[in-house]
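Here is the structure we will look at.
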Amino acid sequence: MYNKILADMFNEIAAMLSLDDRPTARFEVRAYQKAAMTIGSMQEAIEDVYRKGGMAALLELPGIGKGIAGSIEEYIKTGKMEKYQYLKKMYPIDMKGLTGIQGLGARKAFALYKNLGVKDIPTLKKALAAHKIAKLEGFGEKSEEMIQKGLDLLERSAGRMLLGDALPVAEGIVQELKESGLVDDALVAGSARRMRETVGDLDILALSEKSDKVMKFFIGLSEIESIIAEGPTKTAVRLKIGLNCDLRVIPFENFAGAVQYFTGNKDHNVEVRKIAISKGYKLNEYGLFDKKGKIFPAKTEEDIYAKLGIQFMPPEMREARGEVKLAQQNLLKMPVELKDIKGDLHTHGLDNNNSTDSLEPMANAAMKIGLKYFASTNHTKSLRVENGMNDKQFEKFFIQIDKLNKKLDGKIRILKGAEVDILKDGSLDLEDKTLRSMDWVVGSVHSLFNMPEAEMTKRVVKAIESGLISTVGHPTGREMPARDAYKINLDKVYEAAESNNVALEINAQPRRLDLNDTNIMNASKYKIKFSLGSDAHRTPQFAYMRYGVGTARRGWLTKDRIINTMDLPSVLRYISK
DNA sequence: GCCGTTTTCGGCCCGACTGTTTTCAGTCG
């Protein structure tokens with residue numbers, strides 16, 4: 001798969017072009033960055049796109065025109081790219097590595113090369129150690145310090161953090177701001193509000209006229225490790241959890257504009273802003289303005305979208321995946337909401353197990369958050385590390401469920417189920433008879449992740465065709481950050497699921513979120529139902545459902561496609577069919 | 001270099017903060 005290689009190359013070309021002083025160069029920079037974004041976020045291998053559809057297929061991709069498509073073709077055919085090599089000869093430095101450092105961009109990197117011979121991270125380290133940078137023209141003590149700090153940061157904490165780890169911290173800070181009495185409103189914006197599975201930083205917006213007091217309060221919070229930048233409208237800090245966090249304090253008249261601006265991803269905002277321009281307005285982070293510069297008095301971001309003639313959509317959809325165009329035509333269907341979820345279709349609950357709570361506390365916790373039912377789906381015998389049960393043990397366990405259901409007296413219903421291992425050959429880890437006695441069976445792959453694609457596909461499809469499973473658990477097997485999805489032909493899985501009336505799971509564990517948003521978009525082209533499961537092993541983990549719902553919303557999934565939006569009688573009818 | 005129910009040419013989103021300056025360049029989002 002060349003996607004990452006090519007995306008990196010195009011980003012590096014963009015960095016090198018940003019050193020070019022021709023007036024049109026900065027637009028070329030943007031073009032290359034956009035192409036890198038497109039290719040980097042594609043699911044399908046770019047070389048497959050090319051193999052199947054040739055240049056025409058490449059030109060279909062957003063931000064890819066004749067020039068860049070030509071470079072892609074050249075790279076696929078020859079393994080080289082003339083444009084890249086030409087620029088690399090002019091700027092023989094590790095642009096990707098150096099500009100990966102916070103505060104160090106292409107121009108400064110090149111200045112370091114010209115003056116000090118810095119060409120990569122190791123030579124940069126030497127220059128830092130010799131304190132040569134501060135003496136350069138255009139640099140100073142502070143810039144040297146900043147580069148050193150940026151380098152330390154990079155080495156300490158590479159990359160992004162799971163939404164499930166970051167969002168609760170952000171929401172805690174918002175809570176503290178609200179309780180301070182200094183703000184009239186506050187919220188988490190940015191990629192966390194869009195429920196992206198990982199976030200690179202946090203954006204918090206506060207509505208207040210007392211910016212200096214709010215900033216002072218903010219930098220005193222215990223979550224904060226150090227201050228990166230402090231200004232009247234924006235303060236940037238490093239949090240102890242290893243993530244940067246920006247707080248913006250915004251007065252009332254600009255708040256709606258800021259919420260809109262700091263929620264959508266960059267491309268979404270560009271699309272919306274272009275619509276604003278086409279209607280004679282200007283849209284920026286302060287709000288919507290007419291030609292005379294008069295602000296449109298929006299109370300909420302809904303007002304702004306309405307004024308622009310764009311159907312309002314939830315944050316999760318604002319990713320520039322075609323939502324703006326549809327919303328202009330009022331054709332966007334609203335996705336499922338957390339309150340639509342009536343039950344949980346993947347949970348664990350066992351006595352005498354270190355990593356799992358017992359069934360009764362699990363049932364009480366589920367009841368407390370308002371669920372009407374949940375499927376108890378414990379592991380099966382092949383999964384020894386999780387105390388997987390055999391047929392006999394399930395039989396006994398179900399007697400326990402019957403008793404507990406009686407005791408719960410209809411306040412919540414526990415469905416009998418299992419998360420049955422799909423074994424190497426596609427057979428299932430329990431006897432047919434046992435599986436047939438269950439209400440709800442999740443079939444999951446937990447072993448031999450390195451099978452060839454064809455074999456893995458056959459394995460899962462065979463399980464789907466067994467007629468014994470209700471849904472495929474975490475269908476791609478990925479676990480963030482370390483484990484990639486196993487190789488599997490998902491289209492074949494979707495086809496089999498469609499024709500065998502088997503659902504696909506959206507596993508809501510923050511490190512799984514599997515299927516993910518783009519998988520869901522692809523899968524929902526088929527006539528498939530989806531099941532959401534928290535995969536809770538402990539009582540607080542029922543709350544993971546919100547991440548599953550967020551992922552479903554990012555995949556534009558409507559509630560009628562999701563089994564656990566049904567109430568209990570409907571689910572029981574569905575199951576019996 | 002890309003793109004088009006305003007255009008196949010002439011546009012391309014926009015502002016905050018910092019550091020090193022004395023009006024601005026670089027970086028970031």
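Lettering follows sequence order; numbering is per chain, from 1. Heavy-atom basis, side chains included; hydrogens, waters and symmetry copies ignored.
The 5' end of DNA chain B is approached more closely, in terms of each residue's nearest nucleotide, by A:Leu17 than by the other of A:Asn244 and A:Leu17. If A:Lys234 and A:Phe262 are placed on DNA chain B by their nearest nucleotide, the residue sitting closer to the 5' end is A:Lys234.
Atom CE of A:Met55 sits about 9.0 Å away from atom NZ of A:Lys66, to the nearest 0.5 Å.
Listed pair A:Asn284 / B:dG15 meets the phosphate criterion, a side-chain N or O lying under 4.0 Å from OP1 or OP2. Applying the 4.0 Å criterion to OP1 and OP2 of B:dT20, one finds that A:Lys108 has every side-chain N and O outside that range. The phosphate of B:dT6 (OP1 or OP2) has no side-chain N or O of A:Ser278 nearer than 4.0 angstrom. The phosphate of B:dA16 has OP1 or OP2 within less than 4.0 Å of a side-chain N or O from A:Tyr286. Note on A:Thr233: a side-chain N or O is less than 4.0 Å away from OP1 or OP2 of B:dC17. At B:dC14, none of the side-chain N or O atoms of A:Lys266 fall inside 4.0 Å of OP1 or OP2 (strictly under the cut-off). Applying the 4.0 Å criterion to OP1 and OP2 of B:dC12, one finds that A:Arg30 has every side-chain N and O outside that range.
In this structure, A:Ile64 reaches the sugar-phosphate backbone alone: every heavy-atom distance under 4.0 Å involves primed, P, OP1 or OP2 atoms, never a base. As judged by a 4.0 angstrom heavy-atom cut-off over every strand, A:Leu19 is placed among residues making no nucleic acid contact. Heavy atoms of A:Ala236 sit nowhere under 4.0 angstrom from any nucleic acid atom. Heavy atoms of A:Glu285 sit under 4.0 angstrom from primed sugar atoms or phosphate atoms, though from no base atom. At the heavy-atom level, A:Lys83 lies under 4.0 Å from the strands shown only through sugar-phosphate atoms.
Side chain of A:Lys142, nearest nucleotide from B:dG1, B:dC17, B:dT20: B:dT20. Checking B:dC13, B:dG19, B:dT27 against every side-chain atom of A:Arg107, the shortest atom distance belongs to B:dT27. Side-chain proximity of A:Lys282 to B:dG1, B:dC14, B:dC13: nearest is B:dC14. For A:Ala229, counting side-chain heavy atoms from C-beta on, the closest listed nucleotide (B:dG15, B:dG1, B:dT18) is B:dT18. Candidate nucleotides B:dT20, B:dC14, B:dG1 were compared by shortest atom distance to the side chain of A:Arg273, and B:dC14 ranks first.
Rounded to whole Å, the distance from CG on A:Leu202 to C1' on B:dG29 is 14 Å. Put simply, CE on A:Met37 is 17 Å from P on B:dC2, counting in whole angstrom units. In this structure, A:Leu136 atom CG and B:dA25 atom C1' are separated by 16 Å, rounded to whole Å. Distance, A:Glu145 CD to B:dG19 P: 9 Å, rounded to whole Å. Rounded to whole Å, atom C1' of B:dT27 lies 11 Å from atom CD1 of A:Ile147. Distance A:Glu271 CD to B:dC14 P: 15 Å, rounded to the nearest Å. Rounding to whole angstrom units, CG of residue A:Asn269 and C1' of B:dG15 are separated by 13 Å. As a whole-Å value, the separation of A:Glu60 CD from B:dC3 C1' is 14 Å.
When the C1' atom is compared between B:dG11 and B:dG29, the two are found 23 Å apart, to the nearest whole Å.
In this structure, A:Tyr281 has its ring center no closer than 6.0 Å to that of A:Phe296. Between A:Tyr91 and A:Tyr113, the distance separating the two ring centers is not shorter than 6.0 angstrom.
Judged by distance alone, the side chains of A:Asp491 and A:Tyr526 do bring a donor and an acceptor atom under 3.5 Å apart.
Under the Watson-Crick or G-U wobble criterion, with both distances below 3.5 Å, B:dG1 is paired with B:dC12.
Side chain of A:Ser524 to backbone of A:Met521: a donor-acceptor contact under 3.5 angstrom is found. Proximity of a side-chain donor or acceptor of A:Arg248 to a complementary backbone N or O of A:Asp203 within less than 3.5 Å is not detected. Panel note: side chain A:Thr38, backbone A:Pro62; a donor-acceptor pair is recorded below 3.5 Å.
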